[in-house]
Every structure is written in C-alpha cells, then in structure tokens.
Q: 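Questions regarding the structure given below will be posed in turn.
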There are 4 protein chains.
Amino acid sequence: MLIRIDLQSDVPLYLQLRNELVLAIAAGQLLPGQKLPSVRQLAGQLGVNAMTVQKSYNLLKAQGFVVTDRKRGTVVSSTPPSGQACCAQLQDDLALLAAQAGIGGLSQREFLQLCAQCYRSITQKPAGEGGDTPCSS
Amino acid sequence: MLIRIDLQSDVPLYLQLRNELVLAIAAGQLLPGQKLPSVRQLAGQLGVNAMTVQKSYNLLKAQGFVVTDRKRGTVVSSTPPSGQACCAQLQDDLALLAAQAGIGGLSQREFLQLCAQCYRSITQKPAGEGGDTPCSS
Amino acid sequence: MLIRIDLQSDVPLYLQLRNELVLAIAAGQLLPGQKLPSVRQLAGQLGVNAMTVQKSYNLLKAQGFVVTDRKRGTVVSSTPPSGQACCAQLQDDLALLAAQAGIGGLSQREFLQLCAQCYRSITQKPAGEGGDTPCSS
Amino acid sequence: MLIRIDLQSDVPLYLQLRNELVLAIAAGQLLPGQKLPSVRQLAGQLGVNAMTVQKSYNLLKAQGFVVTDRKRGTVVSSTPPSGQACCAQLQDDLALLAAQAGIGGLSQREFLQLCAQCYRSITQKPAGEGGDTPCSS
DNA sequence: GTGGTCTAGACCACG
DNA sequence: GTGGTCTAGACCACA
C-alpha cells in the first residue's frame, strides 16, 4: 500500500493521511476486516510523528471507516458508514464542486463525465497510477 | 443575496463565506461584472470581523472568481477560472467524495444521480430553498 | 452462564469480563461459595488470553467479590464487599451518571425510574434477555 | 469554578477533567452558552499540559456537551445530548452500579435513596462541598 | 489571544 | 508489540 503525503500542502498531515486511507479503502487495497499498519509503523514509514498518525486513525474511527479491535489492532470496518446517512454532507461538498465546475464553463454533461471518471478510477485502481487522461472533454 | 455562516462549523468563517459567494456566483445571483458588497458592509451584515471578509475576497481574487476594480471595488470576474484549469484539483476533491460514496455503498449510478442533482440545484437556485428530495435513491 | 465480551469496545477486555462476572453474581447465576470456571477454561471459551482472565479474577479478588480457595480454586465470596463500604466510590459514579441524566433533561423522577428498572433487571435476570422497554418515559 | 484532578488516580487526566466539567455543567456552574476557560488558561491553572485539556474539550464536544464557537471559543452547548438518546449507555452503567449495590446488600429502596441523593446533590450544588451525610441509610 | 497542528520522546495499560 | 496517555514546547490559522 502506497501512501504519499505532502509536507508542503496546507492540508494538515493527519487529514491528508485520512484521505489517502479512505481512498485506499475505496480502492479495495484495504479490505473490510483487514488490519491497518500500526500507528508506529506507519509513522516511521511516512516520517511523521506517531500522534499525527493516531489522530488520523481516531478520525477514521469516529467516522466509522475503521474500528480498533482489542486483539488485532486497527482494522477496516465491515459496517462502513452508509452513503445515505452522509448524504447531506456529501451533497454540500458536491454542490460546491459543481458550482466551481459550472462557473468554469463545464456543462452538466461534462461535469457528470468527470464524476463518472472519478468514480471509476477510484473503485478500479488496484495499484498503478496513471493511464487515464483526465479532462479530455 | 442570502449568505449564511455557521459560527460552530469546523470550516473557517472566511472559507464559509468564500464558498457561499462561489455558490452565489454559480447560481447567477451575482453576475459577471456585478459589484460585491463592500467589505465593511458585508462584515456588518454578517456580524463578523472585516478582516475575515477581506480574507474571503482576497481568496476569491487569487482564485480568479473576482477582480478588484479601482473605481467600483470588488466585482465578479468576466473571465472566470476555466474548469479545465482547475481540473486537477476538482478531480482530487471529486475522487475523495466518490470514494466515500463508494464505501458507503452507493453505486456509480446512484452517485451520478446525486452529482446531477447537485449540479442542477446549483445553477437553478435563484432564491428559494427546498423542493428536491435528496437521497431518494 | 453466558458471558459476552466485545472486542471493539473501548473498555478493556479484563474489565468487561470483571463486569460481566459481577452482573452474574448479582443475578444469582453465581451463588456464594460457587466455583468459577478455571482461568484456562474461561479463556478458551471466550477466545481470549489466559492472562486476561487471570487479571479479571485478580481484580475481583482484590475487590472482595471472590476468594481463592486452595482446594477449589476461585469461588464467589460469602462475605461480599459491603455496599456501605463502597459507598463513596458508588456515589461518585452515580453522581456522574445523574449529572449526565440531568443535563440530558431527565427529571429526578425519570432518573429514579431508570435506576429502579436497572436494579430490578439485575436481580431478576436469571437468563433471558429482553422484555422491558427502557426509556419509555 | 473549582476543578480538582488527582494525579495519582488511575483515571486518565483528560477523563477526570471531562467528568468534572460534566458535573459543573449539571450543577449549573456552567450555564448553556457560557464560555469555558481557554485551553491554555485551564491547563496553566491545573498544572497540566494544554493538549490534555484540549483532549477533554474535544471529548466533550464529540459528546455534545460543548461546542466551539469560532468567535467566542468553547462554550456550553444549548442543545445538550438527550438523556433519552444516551439511555442505553446510561442503563448499562447504572446496571453495573446496581449490581454492586445489590451484592453489597443494599435493597432496592436503599439503592434508590442513594440515587435520589446523588441526583439532588448534583443539581443543587452551587458551590460549597459537604453537608450531606452519604450512606446514612 | 483563541484553538488547531505537529514534534520528539516518554511511560503505561493491554493482550 | 499494540494503542493510549502525557509532557514541553513550537508554529500556525483564525478572528
């Protein structure tokens, strides 16, 4: 599992890490029930502080993406947060992106193509990067 | 123009304001060339610090949504940032949302329905809220 | 005797086990003088480490709920810790729960109903779960 | 507002602090909408690390007892977590206490007296400690 | 001045 | 070896 974080980004490290892990779960690189790397292990691998990684794990736990099993450590939840439940939040975020796309001149059709492409690229990315040519509208 | 900010949100006020303004522009409530309220006026109306509003305006300017006209103050840009240009950022954000939707059990079809709904609700929201029943998959 | 532990709880396993055993004693499922299962047996049955069970037994012994009999192993104490003695601790714990109930809008009457219900459900639970409808205030 | 923490206790500092604050809210020493001391201020006053205090605040926030207002800092929530909602958890905790009381020889009547006393002492403690003689059954 | 983030290192509880 | 707790001190974002 390859995780990249950008020390220069204005997005907090723990959030970057959280996002990367969400992507990994969605991509099937981390299957339900599968164990995540230990806090220390991942911290060492990424060169960040253990507490930063722990904060990411805590956030993922609070959001229902992972659970901490007392015997096995942190594992991917088998009962992920329902998309229906998060719908309101999802909609607000999507609305903002749609607005920016609309201002940028993207028609609804183009925007939906982009959305479809993103959905596909997420759920079907086993490992390798690249391949698709985004924004080839 | 109705702008709502939530003092208890985890999103910074200046970002909330920036987002609301982007939505207003996309909705056509603020047309290209149209003048935004003055910093002080908006600050007073919203009950926030003028520096906060200023920061939002600066961000919008840096992102190309508005321009500063010597005579008229801050006006909506007539040459908005191209959706193509922002594509990379847009894609990353969309990917994360798509991932969460996927984990939440939403199929691509359901996700796209949600996206379409958001796009429509943005560009066709002149004023009134409500009407649609989101997440009625 | 049915003991359930939750590997995903934030309560340590040994404490969960201790609590379950206390409940079993209160319910009369384990009578004074009666022998508890051996550490290894219970560990095997629950699928936890023997040291974890041992820790629970040690805790129960330290708290006076059980005693170690040279011949028979661990047995339920015939001289249980007096409610009077534990009163201070009991009160502190109750106070915290009462506080949360009060903040949550429960009147004293409702809170006492809940307490009564809990007391009854404990001492009268021979085996089967369910039946009562809690919080039907 | 007087807050005492015990460095020798096996209860984590952040939890002790959280509990003390819950008691203070229930006692009306902290009214809805009222501002809590700043993280640094309280940390300095208690002689603990700021992150420890912050952890308490975050926990209280996650549990709905307080909210962080972007203009005013951390304030007591005006929409506290419903006692009904937390009922299941409350019941489990109460059941364990009831069990210990039962084992200790307290009758239901005595237990309820204790509960009533705790409820009263919480909601009616303006400042001074002492006065009641607990366990005077 | 507020809370939020991050670090480096330590100790402990748990299993 | 795991996650959880705590510290002392630093820097930044926010208002």
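Every value quoted in this text rests on a predicted model; they were computed, and no experiment measured them.
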Q: Would you mind reading off the distance between D/N49 atom CG and F/dG4 atom P, rounded to a whole angstrom?
A: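 Rounding to the nearest Å, CG of D/N49 and P of F/dG4 are 18 Å apart.
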Q: Please confirm whether the shortest side-chain N or O distance from D/R70 to OP1 or OP2 of F/dA15 is below 4.0 Å.
A: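 It does, given that an N or O in the side chain of D/R70 lies less than 4.0 Å from OP1 or OP2 of F/dA15.
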Q: Do any side-chain nitrogens or oxygens of D/S38 fall under 4.0 Å of OP1 or OP2 in E/dG1?
A: no
Q: Return yes when atom CZ of C/R40 has more than 12 non-hydrogen atoms of other residues, nucleotides or ligands closer than 6.0 Å, and no otherwise.
A: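 It does not: C/R40 CZ has 12 such atoms or fewer within range.
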Q: Please determine which of A/L13, A/I3, A/L7 meets the side chain to side chain contact (heavy atoms under 4.5 Å, CB included) test together with A/L46.
A: A/I3
Q: Would you say A/T52 reaches E/dT7's phosphate, i.e. side-chain N/O to OP1/OP2 under 4.0 Å?
A: yes
Q: Are any non-hydrogen side-chain atoms of D/L59 and D/Y14 less than 4.5 angstrom apart?
A: yes
Q: If we ignore hydrogens and angles and just use 3.5 Å, is the side chain of B/S56 paired with the main-chain N or O of B/T52 as donor and acceptor?
A: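 At least one qualifying donor-acceptor pair exists.
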Q: Quick one: the side chain of A/R40 and the base of F/dG1, do they pair up donor-acceptor inside 3.5 Å?
A: no
Q: Using whole Å, report how far CG of D/L46 lies from P of F/dT7.
A: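 The distance from CG of D/L46 to P of F/dT7 comes to 11 Å, rounded to the nearest Å.
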Q: Atom CD of D/Q41 to atom P of E/dG1: distance rounded to whole Å?
A: 11 Å
Q: Will you find, in the side chains of B/K61 and B/T68, an N or O donor that is under 3.5 Å from an N or O acceptor?
A: yes
Q: Side-chain contact, heavy-atom cut-off 4.5 Å: C/L42 with C/L17?
A: yes
Q: Is it true that D/Q89 and D/D93 share a donor-acceptor pair across their side chains at a distance under 3.5 Å?
A: yes
Q: Would you kindly give the CG-to-C1' distance between B/D6 and F/dC14, to the nearest whole Å?
A: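 Atom CG in B/D6 sits about 15 Å away from atom C1' in F/dC14.
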Q: In terms of the nearest nucleotide of DNA chain E, which residue is placed more toward the 5' end: A/K71 or D/T68?
A: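 The residue closer to the strand's 5' end, by nearest nucleotide, is D/T68.
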Q: Convert the base pairs of DNA chain E into dot-bracket notation, remembering that pairs crossing earlier ones are written with [ ] and that bases paired across to another strand are shown as |; include only Watson-Crick or G-U pairs under 3.5 Å.
A: ||||||||||||||.
Q: Looking at D/T74, does any N or O in its side chain come under 4.0 Å of the phosphate oxygens OP1/OP2 on E/dG3?
A: yes
Q: Do B/R4 and B/Q16 have a side chain donor and acceptor closer than 3.5 Å?
A: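 No pair is found: no donor N or O on one side chain lies under 3.5 Å from an acceptor on the other.
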Q: In residues 9-18 of chain D, which ones come under 4.0 Å of DNA chain F, going by heavy atoms?
A: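 D/P12, D/L13, D/Y14, in order of number.
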Q: For A/K55 and D/K35, take the nucleotide of DNA chain E holding the closest heavy atom to each; which residue's nucleotide lies nearer the 5' end?
A: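 It is D/K35 whose nearest nucleotide is closer to the 5' end.
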Q: Backbone N or O of B/N58 within a donor-acceptor pair of the B/R18 side chain at under 3.5 Å?
A: no
Q: Between F/dG4, F/dG3, E/dT7, which nucleotide gets closest to the side-chain atoms of D/M51?
A: E/dT7
